[in-house]
Amino acid sequence: MTVAKEYKPTEIEPKWQARWAEDRLYEAHEDPARQKYYTLVMFPYPSGDLHVGHWYNYAPADAFARFQRMHGFNVMHPIGFDAFGLPAENAAVKRGIHPFTWTVGNIERMREQLRSLGSVFDWSREVATCFPDYYRWNQWLFLQFYNKGLAYKAKKPANWCPSCNTVLANEQVVDGACERCGTIVTRRDIDQWLLRITDYADELLDFSRIDWPEKIKIMQTNWIGRSTGAEIVFRAESGQEIPVFTTRPDTTFGVTFMVLAPEHPLVEQLTTSARRQAVDEYVEQARRATEIERLSTEREKTGVFIGSYCLNPLNGERVPIWVGDYVLYTYGTGAVMGVPAHDTRDFVFARRYGLPIPVVIAPPGWEGGELPEAYVGEGAMVNSGQFDDLPSKEGIERVIEYLEEHGLGKRRVNYRIRDWLISRQRYWGTPIPIVYCDTCGVVPVPVEDLPVLLPEDAEFRPTGESPLKLHHGFVNTTCPICGQDAVRETDTMDTFVDSSWYFLRYTSPNDDREPWDREKVGYWLPVDQYMGGAEHAVMHLLYSRFFVKALRDMGLLDIDEPFTHLFNQGIITKDGTKMSKSRGNVVNPDDFVSRMGADTVRAYLMFIGPWDQGGDWSDQGIAGVYRYMNRAWNLVQAVLLAGLPSGEPAAGEQSPGVRDLRRWTHKTIRRVTEDIERFRFNTMLAALMEFTNYLGSVQGSEVARTPAWSEAIRTLLLLLAPTAPHLAEEMWHELGLPYSIHNQPWPSWNEALAAEEQITLVVQVDGKVRERLNVPVGIGDEEAKGQALASANVRKFLDNRRVANVVYVPGRLVNIVTAK
RNA sequence: GCCGAAGUGGCGGAAUGGCAGACGCGCCUCUCUCAAAAAGAGGUGAGGGUUCCCUCAUGUGGGUUCGACUCCCACCUUCGGCACCA
């Protein structure tokens with residue numbers, strides 16, 4: 001005689017975790033005979049503590065991976081650590097711990113925490129980017145990019161974070177401040193390494209091969225910022241060419257001034273001596289302005305006339321040249337033709353400095369007067385010589401043709417995106433494998449000399465200077481070509497380089513001959529389902545696409561896109577605000593795991609709401625899910641005591657009770673399956689709760705002695721397995737069913753069994769519900785309308801009214817419309 | 001300013017043209033208990049009438065429709081992204 005056991009998650013969870021690990025249950029192996037499925041979560045930065053936000057990312061993803069496994073796919077669900085980055089270096093400065101020690105310690109702690117989640121991660125494939133066996137391949141890949149001309153060095157004004165003491169990529173500057181520490185970014189001219197992502201701008205705009213959230217595609221599209229137009233060459237009176245980029249060549253006859261960015265080299269050349277002092281002062285002041293001041297749209301548009309003129313190539317008019325800091329040196333040609341009548345910024349500028357504002361595109365109904373504001377829409381060209389009367393849209397084409405015929409300009413596409421700046425003046429990153437030799441110049445480190453190791457005995461100074469620069473043993477080397485004394489590049493790589501290809505490394509994490517095994521990558525890639533936060537929209541997700549395309553063109557890959565499907569989960573909050581240490585509202589999942597078990601924490605995070613919308617953690621809310629786990633446990637305990645009826649449910653005539661039971665079972669399979677496929681874990685759990693509540697209500701009845709009852713109980717456990725893997729495994733085991741539940745096929749539903757026999761026919765009078773009738777599901781049109789009209793409650797409302805129309809929606813409702 | 005998402009009970013949310021509020025939290029009543037906790041049963045949008053029923057109700061205002069949380073137009077609020085990109 002068995003006795004009902006209490007649900008003790010803390011006992012069963014570690015037990016099964018150990019068993020699964022021992023049996024290597026979740027290790028993935030290439031098998032050409034089976035359909036692969038690569039599910040991936042964004043790997044974490046090893047900050048040292050797994051918080052509930054990580055769980056929110058990983059628990060539903062894990063349930064999804066388990067679901068796909070049970071569906072028969074050969075699933076790979078790897079995990080690793082994005083282990084390079086500034087916090088480790090800060091810890092080194094603050095607490096005197098070496099970044100390596102700090103990071104490795106954190107990885108060890110997080111590994112244990114990640115295991116407590118009860119996940120399906122294949123730990124045999126773990127990668128950590130800070131080890132030489134990983135970062136040597138960053139260096140190897142850098143050299144491939146370098147050889148193809150996709151990596152280059154340039155001295156350009158760059159975003160400089162004075163607190164992190166490093167330059168930042170454009171993508172890492174948010175509202176003019178450092179993405180990481182919030183310090184206002186300044187500009188500095190620094191020699192730095194860049195990757196030519198702009199070469200792939202057009203291809204990156206093509207999303208036709210991937211199924212990604214609209215939102216991310218829009219963000220990437222806007223970030224790339226493709227605009228089409230023309231480059232028009234104005235010529236200064238002293239002969240210099242001043243090309244400008246414009247999207248509106250049709251407005252060229254309306255140019256009344258030219259504005260150069262303060263950094264533009266021609267400012268120096270074209271400034272007349274009379275204007276020299278004013279211009280120098282203006283340029284100096286513009287340079288001092290912080291990025292945030294300069295980028296503010298509220299800021300007055302200012303500028304200074306530099307004394308020279310250039311000529312409008314279309315009408316030969318003399319155009320005064322100004323310098324103004326609303327023109328960005330880094331976009332287009334760093335010079336703008338001022339068309340005040342048809343550009344809002346030029347309009348304000350012209351108003352401020354009293355420059356003429358001639359109309360060259362007639363707004364609808366325009367009668368030749370002055371414009372109250374810039375007109376940026378379409379219209380007929382006017383005051384434009386031979387182009388007069390052309391619609392502006394056509395005018396754009398005609399003007400470009402004219403410019404090209406006369407050698408005055410050309411069609412041009414311009415992008416907002418800049419090349420990806422990967423140099424970082426930091427220690428804890430991948431050293432860029434380059435040597436500088438007085439004789440041979442810039443020399444790439446030969447592949448056979450890789451890796452260029454990070455020296456372990458670096459010195460971390462609070463001044464923030466790069467420890468590599470100060471390390472003579474690292475800096476001083478010999479030239480690989482001529483053998484003479486040379487120095488190493490001391491910049492390290494942006495950590496986004498590491499994460500741009502880690503999903504390839506998972507396929508052969510221990511390969512020491514090449515970054516990835518071509519055959520294995522061929523089997524696993526692309527990632528079928530990628531899951532992670534939307535905050536990486538224009539960084540990691542864009543860089544990875546670029547990497548894959550560039551590597552494909554180098555002949556190293558055969559895919560066009562890294563991630564076929566993408567899902568962005570939302571953010572989990574506490575009391576409506578983002579969890580943060582400073583607010584003191586960080587929820588530690590370990591506390592709840594030790595009280596209620598990992599299964600409950602997993603399930604609660606899935607139950608909170610739609611995964612993509614995020615949710616608010618509630619200590620009370622999780623109690624409800626824990627109660628549910630207990631209900632499910634107790635239900636199966638009772639089944640154990642009563643014994644599980646043997647046999648399979650028979651086909652054919654059954655009692656209404658059995659038909660109900662099987663309908664519930666099959667409907668639930670359908671709901672749960674479709675919900676997981678749509679990532680609707682919250683409604684999936686609601687369906688499981690309803691099913692469990694129903695089973696509890698018929699538990700002692702006749703049906704609980706039929707084979708249909710066994711089917712129902714087994715189904716419940718199978719459907720619960722992705723969400724509550726430990727509880728499901730334990731119950732499955734207790735019922736004497738074969739190990740492991742996680743290797744069982746996912747149940748399938750039978751539409752006929754799931755179909756309703758009776759429906760509630762809603763009867764409305766003039767759109768208001770007046771009656772509900774129980775009718776057979778196949779009820780005919782006439783029959784339904786007849787029953788509706790015959791209902792006493794309905795007749796009450798039809799008193800003294802004439803029926804004008806009766807609408808019948810099969811299987812749903814009857815609406816009786818009365819005449820007025 | 002531009003682009004995008006979202007607004008539903010006390011709370012998280014469900015329903016994407018057809019019974020608004022599934023499921024859960026909280027709250028109320030009851031059972032068990034010396035008592036409490038746990039567990040279980042019932043109730044729970046608002047207002048009116050109290051077996052039963054009616055009216056109102058999905059950010060605001062219009063519209064389409066027999067019928068709108070759902071579709072269309074305008075507006076308000078919140079959140080996310082971009083922000084002088086010529």
Side-chain angles (χ1 to χ4, degrees), chain A residues 174-176 213-223 225-227 229 244-248 251 259 261 294-301 324-328 330-339 342-346 348-349 376 414-418 534-535 537-538 568 570-571 573 576 604 607-610 612-625 627-628 630-631 634 680 682-693 696 760-772 793 796-797 804-818:
Chain A
V174 178
D175 293 334
E214 221 40 51
K215 179 182 154 182
I216 303 291
K217 293 194 283 188
I218 290 168
M219 281 169 73
Q220 292 200 349
T221 302
N222 292 343
W223 188 262
R226 184 182 200 266
S227 49
V244 298
F245 172 73
T246 178
T247 55
R248 294 295 301 273
T251 64
V259 189
R294 199 169 156 187
L295 286 178
S296 165
T297 42
E298 255 84 288
R299 194 155 170 259
E300 289 268 321
K301 284 166 193 34
D325 68 0
Y326 78 94
V327 174
L328 305 175
T330 46
Y331 183 77
T333 62
V336 164
M337 63 182 206
V339 187
H342 306 292
D343 180 282
T344 49
R345 296 149 302 182
D346 296 345
V348 221
F349 191 82
V376 298
N414 218 22
Y415 301 91
R416 205 191 74 113
I417 192 173
R418 315 278 204 270
E535 68 273 18
V538 295
N568 292 121
I571 292 169
T573 56
Y604 174 60
F607 186 61
I608 238 171
D612 55 348
Q613 283 171 34
D616 199 54
W617 177 278
S618 148
D619 291 359
Q620 283 176 333
I622 193 173
V625 174
R627 279 201 278 271
Y628 168 70
N630 274 287
R631 276 207 302 281
N634 292 333
R680 296 297 289 258
N682 56 329
T683 49
M684 170 201 73
L685 266 150
L688 285 172
M689 286 172 177
E690 285 179 58
F691 185 44
T692 308
N693 292 346
T760 304
L761 184 71
V762 172
V763 185
Q764 299 182 332
V765 177
D766 292 325
K768 291 190 168 145
V769 179
R770 298 303 182 190
E771 182 64 289
R772 296 176 175 91
N793 209 18
K796 207 166 80 190
F797 285 91
N805 190 17
V806 181
V807 181
Y808 174 55
V809 183
R812 293 205 180 263
L813 60 61
V814 173
N815 189 11
I816 300 161
V817 187
T818 64

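Just so we're on the same page: letters track the sequence lines, and every chain starts at 1.
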For D612(A), which residues count as a side chain to side chain contact (heavy atoms under 4.5 Å, CB included) partner, sequence neighbours excluded?
F567(A), P610(A)
Given rA83(B), rA14(B), rG4(B), the nucleotide with the shortest approach to the side chain of R680(A):
rA14(B)
With side chains defined as the heavy atoms from C-beta onward, is the minimum distance between T330(A) and R418(A) less than 4.5 Å?
yes
Nearest nucleotide by nearest heavy atom, which residue falls closer to the 5' end of RNA chain B, R772(A) or T246(A)?
R772(A)
Nearest heavy atom decides the nucleotide; on that basis, is A686(A) or T333(A) closer to the 5' end of RNA chain B?
A686(A)
Just the atom pairs and distances: protein N or O near nucleotides 53-57 of chain B's N or O, under 3.5 Å.
from: rC54(B); atom 1: OP1; to: R770(A); atom 2: NH1; distance (Å): 3.4
from: rU55(B); atom 1: OP1; to: R770(A); atom 2: NH2; distance (Å): 3.1
from: rU55(B); atom 1: OP2; to: R770(A); atom 2: NH1; distance (Å): 3.1

Give the rounded distance in Å between these two atoms: CG of N414(A) and P of rA86(B).
7 Å
Both distances below 3.5 Å, Watson-Crick or wobble geometry, any strand: find the nucleotide opposite rU50(B).
none
S227(A) side chain N/O closer than 4.0 Å to the phosphate oxygens (OP1, OP2) of rA86(B)?
yes
Closest listed nucleotide, where the reference is the side chain of I218(A) and the choices are rC66(B), rC23(B), rC3(B):
rC3(B)
When both distances are under 3.5 Å in a Watson-Crick or G-U wobble arrangement, the nucleotide paired with rA41(B) is rU29(B)
Sort and list the pairs that fulfil side-chain hydrogen bond (donor to acceptor under 3.5 Å, both in side chains) and have at least one residue in residues 805-816 of chain A, not counting sequence neighbours.
none
OP1 or OP2 of rG24(B) under 4.0 Å from side-chain N/O of N682(A):
no
Review item, nucleotides 6-12 of chain B N/O atoms under 3.5 Å of protein N/O:
from: rG12(B); atom 1: O2'; to: I608(A); atom 2: O; distance (Å): 2.7

Within less than 4.0 Å of OP1 or OP2 of rA83(B), is there a side-chain N or O belonging to N222(A)?
no
In whole angstrom, give me the gap between the P atoms of rC2(B) and rC71(B).
23 Å
If you restrict it to nitrogen or oxygen atoms, what contacts under 3.5 Å exist between nucleotides 38-46 of chain B and the protein, and what is each distance?
none

chi for rG40(B) classified (syn = within 90 degrees of 0, anti otherwise) as anti
Looking at rU65(B), which nucleotide sits across from it as a Watson-Crick or G-U wobble partner, both distances under 3.5 angstrom, or is there none?
none
Aromatic rings F349(A) and Y326(A): how do their planes relate, parallel, tilted or perpendicular, breaks at 30° and 60°?
tilted
The side chain to side chain contact (heavy atoms under 4.5 Å, CB included) partners of D616(A) (sequence neighbours excluded) come to T573(A)
